[in-house]
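Just below is one structure, and these are the notes that go with it.
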Amino acid sequence: MPGGERADARGTPSTTATGRCRPGTVYLVGAGSGDVELLTLKAARLLREADAVVYDRLIGDDVLTLIPPRRERYYVGKARGRHSVPQAEIGALLVRLAREGKSVVRLKGGDPGVFGRMGEELAALGAARVPAEIVPGITAASAAAASLGIPLTDRAHAQQLRLVTAQLCREGGEPDWASLARTDETLVFYMGLSKVEAICAGLRGAGLADDWPIMLVANASLPEQAALTGTLADMPGRLAASPLPSPCLIVVGSVVGMVEHSPAAAVTLGAAMT
C-alpha cells in the first residue's frame with residue numbers, strides 16, 4: 001500500500017500505520033479545529049502511542065479520549081490574559097521529557113505552524129539537540145470556511161488568502177490597513193474577537209466599502225458553532241447585540257456573500273447563523 005498503509009481483508013487501508021513513536025522525540029501535532037473526526041490519522045496514531053502528551057486549552061475531550069490510560073498528560077493551556085505556563089517552561093518540559101527517553105506529543109489546536117508559537121518550541125528543542133517532527137492539522141480558517149459552506153478562495157471573488165493575527169501585541173504592531181484593504185483577497189483574522197470594531201474601522205478607513213462582507217465564526221466545526229454575517233459598517237453593532245464566545249475567527253471578503261446560497265452551509269448552520 002502507498003505511504004506504508006496496511007490493508008484489511010477487504011483491501012481497505014487500515015487506520016493503523018506501520019510507524020511507531022521514536023523514544024526521545026517530540027512530535028508537534030496539530031489537533032485540528034476541534035471535531036475529532038477532522039483529526040489526521042497520523043495524529044490519532046501518535047496520541048495512542050506516545051509516552052507523554054503536552055496539550056493546550058482548546059483541545060477537546062473527544063480528542064483527549066484517544067490517549068490511553070496511564071499515559072503521562074501535561075496541561076499547559078493559555079487563556080487570553082492568563083498564561084498558566086510560561087512559554088519557556090513549556091519548552092523546558094518538552095526537552096526534559098525527551099531526555100528521559102520518552103516519546104512526546106506536543107498537541108496544539110488547529111495547525112501547530114499557524115499562530116501556534118511552534119517556532120519557539122522548535123528553537124528550544126533545537127538548542128537541546130532534541131529531534132522533532134511536525135504533524136500538520138486543519139487550521140481554523142479552513143474549518144470555519146468549510147463549516148459555513150464557502151471556499152476561502154474563488155476565481156470570481158478572491159485570488160489571494162491572507163492569515164492575520166489580530167493580537168497587535170508587538171510594539172508598533174498596528175496592521176498596514178492599506179495593504180489589507182483589497183477586494184481581490186480573503187482576509188482571516190485569528191484571535192480577534194475583542195478587536196472587531198478596530199478591524200472594521202481600519203479596513204473602512206483604508207478604502208474598503210462600508211457594505212464589504214464580514215463573517216464571525218465561533219467554535220468552528222463543533223456542535224456549538226455559531227456565526228454572524230454582516231458588513232464592515234454594521235458588524236460591531238451586530239456583535240454587541242448577539243455576542244459570540246471565544247475562540248472566534250473573522251473572515252473578510254466577498255466570498256462571505258456565498259454563504260447565503262451555499263448548499264453546504266444549509267447542512268451545518270441551522271439556527272446558528274444570524
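By convention here, the first residue in the shown sequence is residue 1. Both backbone and side-chain heavy atoms feed into the values below; hydrogens, waters and symmetry mates do not.
Crowding of Asp210 atom CG: a count of heavy atoms from other residues, nucleotides or ligands under 6.0 Å exceeding 12. Crowding of Glu37 atom CD: a count of heavy atoms from other residues, nucleotides or ligands under 6.0 Å not exceeding 12. Around the CD atom of Glu120, the shell of radius 6.0 Å holds more than 12 heavy atoms that belong to other residues, nucleotides or ligands. Residue Glu260 places its CD atom among 12 or fewer non-hydrogen atoms of other residues, nucleotides or ligands, all under 6.0 Å distant.
Between His157 and the choices Asp184, Thr186, Val255, the side chain to side chain contact (heavy atoms under 4.5 Å, CB included) rule is met once, by Val255.
A heavy-atom distance below 4.5 Å is not found between the side chains of Leu28 and Glu133. Contact check for Val188 versus Val164: no side-chain heavy atoms found under the 4.5 Å cut-off. The shortest side-chain heavy-atom distance between Pro247 and Tyr190 does not fall under the 4.5 Å cut-off. Taking 4.5 Å as the limit, some side-chain heavy atom of Leu152 sits within range of a side-chain heavy atom of Ser142. Annotation: side chain of Cys200 is in contact with side chain of Pro236 (closest heavy-atom distance under 4.5 Å).
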Go through Val251 and Leu187 one step at a time and tell me if the side-chain contact (heavy atoms from CB on, under 4.5 Å) criterion holds. CA-CA 6 Å; Val251 183; Leu187 295 174; over 6 Å; no
From CA spacing to verdict: side-chain contact (heavy atoms from CB on, under 4.5 Å), Thr25, Val104: CA-CA 6 Å; Thr25 299; Val104 183; over 6 Å; no
side-chain contact (heavy atoms from CB on, under 4.5 Å) evaluation trace for Met215 with Val259: CA-CA 10 Å; Met215 174 174 70; Val259 170; 3.9 Å; yes
Before you tell me yes or no, could you show the steps for Arg162 and Ser179 under side-chain contact (heavy atoms from CB on, under 4.5 Å), namely the whole-Å CA-CA distance, both residues' side-chain angles and the distance that decides it to 0.1 Å? CA-CA 11 Å; Arg162 214 178 315 191; Ser179 74; 3.6 Å; yes
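Heavy atoms only, all atoms of each residue included: Val105 and Leu47 are closest at CG1-CD2, 4.0 Å. When all heavy atoms of Asn219 and Pro245 are compared, the closest pair comes out as ND2-CG, 3.7 Å. Here the closest heavy-atom approach between residue Gly91 and residue Ala124 is recorded as CA-CB, 4.0 Å. Counting all heavy atoms, side chain and backbone alike, Ala227 lies closest to Leu244 at N-CD2, 4.5 Å. The two residues Leu203 and Trp177 make their nearest non-hydrogen contact at CD2-CE3, 3.7 Å. Listed here is the closest heavy atom pair of Ala132 and Leu122: CB-CD2, 4.2 Å.
A donor-acceptor pair under 3.5 Å is formed between the side chain of Ser147 and the backbone N or O of Ala143. Judged by distance alone, with hydrogens and angles left aside, the side-chain atoms of Thr153 form no donor-acceptor pair with the main-chain N or O of Ala158 at under 3.5 Å. Panel note: side chain Asp154, backbone Pro151; no donor-acceptor pair is recorded below 3.5 Å. Side chain of Asp56 to main chain of Leu58: no donor-acceptor pair is present (N/O by atom type, distance under 3.5 Å, no hydrogens or angles). Side chain of Asp111 to main chain of Thr139: no donor-acceptor pair is present (N/O by atom type, distance under 3.5 Å, no hydrogens or angles). Of the possible polar contacts, none joining the Thr231 side chain to the Asp211 backbone as a donor-acceptor pair under 3.5 Å is found. Under the 3.5 Å distance criterion, the side-chain polar atoms of Gln225 are matched with a main-chain donor or acceptor of Ser221.
Phe189 is not connected to Ile138 by any chain of hydrophobic side-chain contacts under 4.5 Å among Ile, Leu, Val, Met, Phe, Trp and Tyr, and they are in different clusters. Put simply, Leu94 and Ile134 are part of the same group of oily side chains (I, L, V, M, F, W, Y) that touch within less than 4.5 Å, one to the next. Follow the hydrophobic side-chain contacts under 4.5 Å out from Leu193 and you never reach Leu222; the two are in separate clusters. Placement of Leu97 and Val85 within a single hydrophobic cluster is found when ILVMFWY residues are connected by side-chain heavy-atom separations under 4.5 Å, directly or transitively.
Between Asp51 and Arg71 there is no salt bridge, since no side-chain nitrogen of the basic residue lies less than 4.0 Å from a carboxylate oxygen of the acidic one. The pair Glu49-Arg22 fails the salt-bridge criterion, with no side-chain N (NZ, NE, NH1 or NH2) lying under 4.0 Å from an Asp/Glu carboxylate O. At a threshold of 4.0 Å, the pair Arg117-Glu121 does not count as salt-bridged, since none of the basic side-chain nitrogens sits closer than that to a carboxylate oxygen.
Taken from CG in Leu107 to CG in Leu46, the straight-line distance is 10.0 Å, to the nearest 0.5 Å. Distance check, rounded to the nearest 0.5 Å: CG of Leu66 to CD1 of Ile59 gives 11.0 Å. For the atom pair CG of Leu249 and CG of Leu216, the computed distance is 8.5 Å after rounding to the nearest 0.5 Å. To the nearest 0.5 angstrom, Ile250 atom CD1 is 10.5 Å from Met191 atom CE. The OG atom of Ser33 lies 4.5 Å from the CG atom of Leu38; values are rounded to the nearest 0.5 Å. Distance CZ/Arg106 to NZ/Lys108: 4.0 Å, rounded to 0.5 Å.
Between the side chains of Asp62 and Thr65, not a single donor N or O lies within less than 3.5 Å of an accepting N or O.
The aromatic ring centroids of Tyr55 and Tyr74 lie 6.0 Å or more from each other.
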